[in-house]
Structures are given as structure tokens and as C-alpha cells.
Amino acid sequence: MVIQKITPCLWFDDNAEAAVKFYTSIFKNSKIGSVTRYGDAAAKVAGRPKGSVMTIRFQLDGQEFLALNGGPIFKFTEAVSLIVNCENQKEVDELWAALSADGGQEVECGWLKDKFGLSWQIVPTAVSTMIEDPQKSDKVMAALLKMTKLDLNALQQAGQS
């Protein structure tokens, strides 16, 4: 097994397995890898049941992650989010619907929180190019700041005006 150099670790209370199944069902080229379980020593320190899931390695579109059932000590915040670069509006719409479903929360400017509290940015790849263009940046950002889910066509129109 090849382990990538840097792997984001996502801390869950006790629902890492459900989260991993949810995420891998949404993204293509995704899979669940190895699962480790709490043994005597770790269970005692973490206050988790012996034999319960401790970590799960998984990939989303080829990017490796580790999910940890670490207990209720830490919660996700908007200080860290996962950016999903989308090729077109259809992909934005599909991922937005899937990740914001079942208790997720639409935020603003292409941001949402999923039902597990993890923040995502669902962004058409063309937006980066438009924002980096000094001739379009202010107009595109002004339009983007008024949106919840990003609308690629409206952003492209804003960049042309």
C-alpha cells in the first residue's frame, strides 16, 4: 500500500463510518480502504467501546483521507473546508444537492455544510480563472458574494459586463 505524503484526518464523534459511506457514494473514483478498531489500550484512553471503529482510510476522487471516531471533543468549523473543483454547472448542481441533503446547510458563496458538519466549497473551475483576471475579478466577486450555490452562467455574464 502506498501512503500519500499528506493525508487530511477528519475527526468525527462516532459516525465516521456513516460519513465515509456517504462521501464515497457521492464522488466518482472513490473507495473505502482499511478500517482499524479500538483495542483495549486505545479504547480506555479515548473512552470509546473496544472493537468499535477507530479509523477508516478512504479516497474521494483519488484523494486519500482518514476518518477518526475520536469522540465529541472536537467539532468541524468553517476554518477548514474541502474545495471541490467542478467542470460545469451540472456537476455543481449534483454535488450541491448531494452534500447539502438530509440536514446539510447551504451557506453562501458556494459554501455548504454537510449533515456531519463538514464544510465544503463547490466551485466551477472557471471561477478561479475569472477571479485571477484583473479585468473581471471585481465584477465576478460582486456577483459571487450574492450567491449561495454558484451559478457559472451568471458569473461568466458578470465577468463580461
Side-chain angles (χ1 to χ4, degrees), residues 1-102 104-133 137 140-141 144 149-150 152 155:
M1 166 169 63
V2 176
I3 297 178
Q4 75 188 23
K5 185 84 167 170
I6 299 171
T7 302
C9 177
L10 305 176
W11 181 299
F12 296 87
D13 180 359
D14 62 358
N15 54 359
E17 191 169 20
V20 168
K21 286 178 181 177
F22 176 67
Y23 300 145
T24 56
S25 74
I26 293 172
F27 293 94
K28 296 174 184 170
N29 190 28
S30 298
K31 63 183 178 181
I32 297 173
S34 62
V35 177
T36 60
R37 299 193 176 275
Y38 278 101
D40 288 325
K44 185 176 180 180
V45 171
R48 310 301 302 162
K50 180 182 175 185
S52 65
V53 172
M54 183 169 64
T55 64
I56 304 173
R57 287 196 174 278
F58 66 106
Q59 290 184 3
L60 299 179
D61 202 12
Q63 168 72 43
E64 187 170 316
F65 293 86
L66 181 78
L68 166 70
N69 276 330
I73 300 165
F74 299 112
K75 303 287 183 203
F76 293 121
T77 74
E78 294 81 357
V80 174
S81 62
L82 301 180
I83 299 171
V84 182
N85 295 299
C86 301
E87 292 302 316
N88 53 51
Q89 190 65 46
K90 180 179 185 247
E91 187 179 11
V92 168
D93 295 345
E94 289 171 357
L95 291 173
W96 187 270
L99 289 166
S100 64
D102 301 325
Q105 176 187 1
E106 296 180 355
V107 185
E108 59 190 1
C109 305
W111 290 58
L112 63 85
K113 281 187 182 184
D114 67 31
K115 63 185 175 181
F116 300 100
L118 183 59
S119 292
W120 298 80
Q121 295 179 58
I122 310 302
V123 184
T125 54
V127 171
S128 294
T129 305
M130 289 186 277
I131 290 174
E132 291 170 3
D133 182 337
S137 182
V140 171
M141 281 303 298
L144 186 147
K149 178 178 70 173
L150 299 186
L152 179 56
L155 292 169

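A heavy-atom distance below 4.5 Å is found between the side chains of Leu99 and Ile26. Looking at Phe22 and Lys115, their side chains come closer than 4.5 Å, going by heavy atoms from C-beta outward. The shortest side-chain heavy-atom distance between Glu94 and Ile122 does not fall under the 4.5 Å cut-off. For the pair Leu10 and Phe116, the minimum side-chain heavy-atom distance is 4.5 Å or more. At least one side-chain heavy atom of Leu60 sits less than 4.5 Å from a side-chain heavy atom of Thr24. Side-chain contact between Lys149 and Asp93: present, with at least one pair of heavy atoms (C-beta onward) separated by less than 4.5 Å.
Remark: Lys113 is not positioned above the aromatic ring of Phe76, lacking an NZ or CZ atom under 6.0 angstrom from the ring centre and at most 45 degrees off the axis.
In this structure, the separation between CG on Leu82 and OG on Ser119 is 8.5 Å, given to the nearest 0.5 Å. Atom CD in Gln89 sits 8.0 Å away from atom CG in Leu150 (nearest 0.5 Å). Distance check, rounded to the nearest 0.5 Å: CG of Leu112 to OG of Ser100 gives 5.5 Å. The CG atom of Leu144 sits 5.5 Å away from atom SG of Cys109, with the distance rounded to the nearest 0.5 Å.
For the residue pair Arg57 and Thr7, the shortest heavy atom distance occurs at NH1-CG2, 4.3 Å. Minimum heavy-atom separation, Glu17 to Ile56: CA-CD1, 3.4 Å. Between Val92 and Cys86, the shortest heavy-atom distance links the atoms CG2-CB, 3.6 Å. In plain terms, the two heavy atoms of Ile6 and Pro8 that are nearest each other are O-CD, 4.0 Å. Smallest separation of non-hydrogen atoms from Ala19 and Phe12: CB-CE2, 3.4 Å. The two residues Ile131 and Met141 come nearest to each other via the heavy atoms CD1-SD, 3.6 Å.
Side-chain atoms of Asn88 come within 3.5 Å of backbone atoms of Glu91 as a donor-acceptor pair (strictly under, hydrogens ignored). Of the possible donor and acceptor atoms, one in the side chain of Asp114 sits under 3.5 Å from a partner among the backbone N and O of Leu118.
Between Lys50 and Asp40 there is a salt bridge, with a side-chain nitrogen of the basic residue lying less than 4.0 Å from a carboxylate oxygen of the acidic one. Asp61 has no carboxylate O lying under 4.0 Å from a charged side-chain N of Lys31, or vice versa, which leaves the two without a salt bridge.
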Evaluation steps, side-chain contact (heavy atoms from CB on, under 4.5 Å), between Gln4 and Glu64: CA-CA 7 Å; Gln4 75 188 23; Glu64 187 170 316; 3.4 Å; yes

Chi angles and distances behind the side-chain contact (heavy atoms from CB on, under 4.5 Å) call for Leu152, Met130: CA-CA 11 Å; Leu152 179 56; Met130 289 186 277; 4.1 Å; yes

side-chain contact (heavy atoms from CB on, under 4.5 Å) between Met54 and Leu68, intermediate numbers included: CA-CA 6 Å; Met54 183 169 64; Leu68 166 70; 4.0 Å; yes

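For the residue pair Tyr38/Asn69, the side-chain donor-acceptor check at 3.5 Å is not satisfied. Side chains of Ser30 and Gln59: a donor-acceptor N/O pair is absent below 3.5 angstrom, by distance only. Side chains of Glu106 and Trp111: a donor-acceptor N/O pair is absent below 3.5 angstrom, by distance only.
Aromatic ring pairs are classed by plane angle as parallel below 30°, tilted from 30° to 60° and perpendicular above 60°; the pair Phe27 and Trp120 is parallel. The aromatic rings of Phe58 and Phe65 lie parallel to each other, with less than 30° between the two planes, well short of the 60° mark.
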